[in-house]
Amino acid sequence: MKRLPFLVTIIALLLSVSAMANTLASIKGKVIDASTQAPLAGATLYISDLKASTSTNNNGEFVFNNVPTKGKFLLEVRYLGYKTSSKIIDLSVQEEITFALDPSVIESAEVVITGTPFSSNNKTNSLAVVTMSRDKLAQSAATNLVDAIAKIPGVAQVTTGGAISKPTIRGLGYNRVLTMVDGAREEGQQWGDEHGVQVDQFSAARIEVLKGPASLLYGSDALGGVINIIDDLVPAEGDFNGNFTTNYNTNGGLTASSIMAQGNTNGFVYRGRVSYKNAYGFGYKGHVVPNAGFNEINTSAMLGLNKTWGYTHLSLSRFATNIGLVEEGPNEDGNYLDEDGNVISNSDARKRSLNLPFQNINHYRAALNSNILLGGGQLKSTLAFQRNIRKEFEETKDEPGLNLGLNSYTYDVKYSFANNGKWEPTIGIQGMYQTNKNSGEEFLVPDYNSNNIGAFAYLKRNFSNGAINAGVRYDYKKIDGKDLFETHDDHEHQIFTAFNNSFSNFTGSLGFAFDIAKNLNLKGNIGSGFRAPNIAELGANGKHEGTFRYEIGNSNLKQETSLQFDLGLTYNAENITLGLNAYSNKIYDYIYLSNLNNETIVNTDHDGNTETLPVYRFLQTNASLVGGEASVDFHLIKALHFENTFAYVKGTNKATNSPLPFIPAASLNNEVRFEPNIKGLNDSFIKVGLTNVFKQDRIDAFEIETDGYTLLDAGIGTSFKTKRGKLNVWITGQNLTNKLYYNHLSRYKLAGIYNPGRNVSFGISVPL
């Protein structure tokens, strides 16, 4: 399968669908205060399944144009200081819709699209899904997207400096957590420790995190959960707008900026975005880490049609970054030395040019998302092509050592049958074809081809006070590793031996979510998961820069399967919100890395230089992960919020009754947020927070204990109304006490490199 015909097909589909446009339709309505009946101007309304949004005028009136003339869709309305409201609307009944919103200091459940074939009120979703808005992403002052969501309870990150973070959900990461971008699963060699998420942080309008097995709707690699990065919905009919956002971090000198413009002309919708980041090495208590900087430039565009038959959107993007890799930590005096043994000064470490070794990554993505109204139901599809080019430069900046080229073709087609508001059935088929090729002088994983396909059936039954759902799925995956030989000093050496593996599995899920009393919601889910071993687990054989280890795969590995039980309870009263989640996850044939008996190997590069590295091999065992999350939000007065979250997970190797490796430490987050009502200003806030991470002493034999720590954060911000929208400004600070600490999952901890010290971030977002 070639890339060009695939893209031509996508463009042809986009153009041909335009012929299906017919008589225009519209939805009109009003948003008012429930008690005073006063109109609410500036309320935002969303129909996620149509990728449509609009807002109310000064009279509280709204209109959606170019919408279907029939069908039932979930319409959501949000307005600051009021409960979020949503209702199913029947487009065949042409009547004005009125939303009467109740004032509230507590944010109610939002409409989510993750873990459900169609948009759904989170109160009726049996899976644990948490959302994070664009404003909170920006105010986090994180250097990358995954760091920004790491305070969500149950979410952690494996970090390699400021540019690289890999998400973990409830103790599971790497290929067990699926990242969705533009509606398609991201594929970018995500098996590696130092392989981060290749997506523009600024493009996320919000992020939805699904905690728990999601194999039913997403297939292999969603055994641990899903991170869904959601772009903006299209603007209202006739609207053209844009935004410029920029921020600066004092630690690492990060400058990050993004400009976006979008519009909607008679249902022809379009968007363009360009973003840029640049940083030198991060620092901690008087030291700057040399060659820990990065630079990144991202471009993206979207063209589409929103018509009475549905929508179709073509998204194109390129993510390009260069990331410095740190080979050695500080000496016993805490100083960093160059190759000649001289101390590297902080001023030299702050230079933005990268030295060897470093990564160069280019990730290209094309995705066609459509929702066509057919036979009274919805036919949703996502066709995507991705090309990931990953190069590591070690000896020279001209020729890469490691050079991997990964092509991925994915498809996701599902049909939701017409429903009467009670029964909601959906069937679907998904698949992916991949090719991976080595083009460098060093090798870690073999060339391979992979092909997988899955089909599922899902049924949801709605009741007046909740819903139940059930589903079943079958997956099949085939992966073929290739022989690879290397000639060195006139001797041919075999690096990889060919293998042909296939995996298949049935998975299922059963869940419920009900309001069991006033303001009290109970949800539960029993779900099985499935994951085929990735290429590194099956075939790795080499040293990967930045991991400080030599990895050896095992082509005889079995697939992982899991069974997880989830139970969640939420209480929403006028001035308090309580949330409790507990889970038990049993994983059979769990794959993990281990350094058995302190095994080492002498690794020799092409220049004859040698180094002794620990050898890590992929093993399997039965495992269990049990834990939970808790949240308590107090709102004793309207303007004052006291928010608290706690998360804990315990991983156990059932064969030895010993701890699983790489399990995040328990954490407790506290934040006091004051939101004063200041004349002429909007969305003003002052916040102070504590991040408390406990000692992690439940570790595998080869791991090192990590002490607990407490970090102090703070922030202040506000917005001003302009003719084009709200202008936001904020200042946030992290680790304000300049605490020296190690995150247990930091890859640089192995080299004695602390996590970043004090940082102050200044940001502004200007409407265009």
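Start at 1 with the first residue, then count along the sequence. The analysis underlying the following values was restricted to heavy atoms, covering all of them including side chains, and did not include hydrogens, waters or symmetry mates.
- Neither side chain, Ser120 nor Asn125, offers a donor N or O lying under 3.5 Å from an acceptor on the other.
- For Phe268 and Tyr270, the distance between ring centers is under 6.0 angstrom.
- Residue Ile479 holds its CD1 atom at 4.5 Å from OG of Ser450, rounded to the nearest 0.5 Å.
- Side-chain contact between Asp147 and Thr159: present, with at least one pair of heavy atoms (C-beta onward) separated by less than 4.5 Å.
- Counted by atom type alone, Glu237 and Asn66 present one or more donor-acceptor pairs between their side chains at under 3.5 Å.
- In summary, the side chains of Gln359 and Asn322 do not present any donor paired with an acceptor at a separation below 3.5 Å, with no hydrogens or angles considered.
- A cation-pi geometry, defined here as NZ or CZ lying under 6.0 Å from the six-membered ring centre and within 45° of its normal, does not hold between Arg273 and Phe202.
- Annotation: side-chain hydrogen bond (donor to acceptor under 3.5 Å, both in side chains) contacts of Asp412 (sequence neighbours excluded): Lys414, Gln430.
- Remark: Asp239 engages no residue in a salt bridge (Lys or Arg N to Asp or Glu O under 4.0 Å) (not counting sequence neighbours).
- Inspection of the Ser317 and Ser300 side chains reveals no N or O donor paired with an N or O acceptor under 3.5 Å.
- At a threshold of 4.0 Å, the pair Asp475-Arg473 counts as salt-bridged, since one of the basic side-chain nitrogens sits closer than that to a carboxylate oxygen.
- In this structure, the side chain of Ser746 engages the main chain of Tyr748 through a donor-acceptor pair within 3.5 Å.
- Residue pairs meeting the salt bridge (charged side-chain N to carboxylate O under 4.0 Å, His left out) criterion with at least one partner in residues 157-166, sequence neighbours excluded, are absent.
- Remark: side-chain polar atoms of Asn371 are paired, donor with acceptor, to backbone N or O of Asp49 under 3.5 angstrom.
- Sequence neighbours left out, the pairs with a member in residues 169-181 that pass salt bridge (charged side-chain N to carboxylate O under 4.0 Å, His left out) are Arg170-Asp566, Arg170-Glu629, Arg176-Glu560.
- Other residues, nucleotides and ligands contribute over 12 non-hydrogen atoms within 6.0 Å of the NZ atom of Lys397.
- With values rounded to the nearest 0.5 angstrom, Thr168 atom OG1 is found 5.5 Å from Leu745 atom CG.
- Defined by atom type and a distance below 3.5 Å, a donor-acceptor pair is present between the side-chain atoms of Ser408 and Gln434.
- Although no hydrogens or angles enter the test, the distance criterion places a donor-acceptor pair under 3.5 Å between the side chain of Tyr218 and the main chain of Gly115.
- Salt-bridge check for Glu392 with Arg390: failed, with every basic side-chain N at 4.0 Å or more from each acidic carboxylate O.
- The pair Arg531-Glu537 meets the salt-bridge criterion, since a charged nitrogen lies less than 4.0 angstrom from a carboxylate oxygen.
- Without hydrogens or angle criteria, Asn438 side chain to Val445 main chain gives a donor-acceptor distance under 3.5 Å.
- Expressed to the nearest 0.5 Å, how far OG of Ser381 lies from CG of Leu379 amounts to 6.0 Å.
- Residues meeting the side chain to side chain contact (heavy atoms under 4.5 Å, CB included) test with Ile297, sequence neighbours left out: Tyr276, Ala320.
- With sequence neighbours excluded, the residues satisfying ring-ring contact (aromatic ring centres under 6.0 Å, His included) with Phe393 are Phe358.
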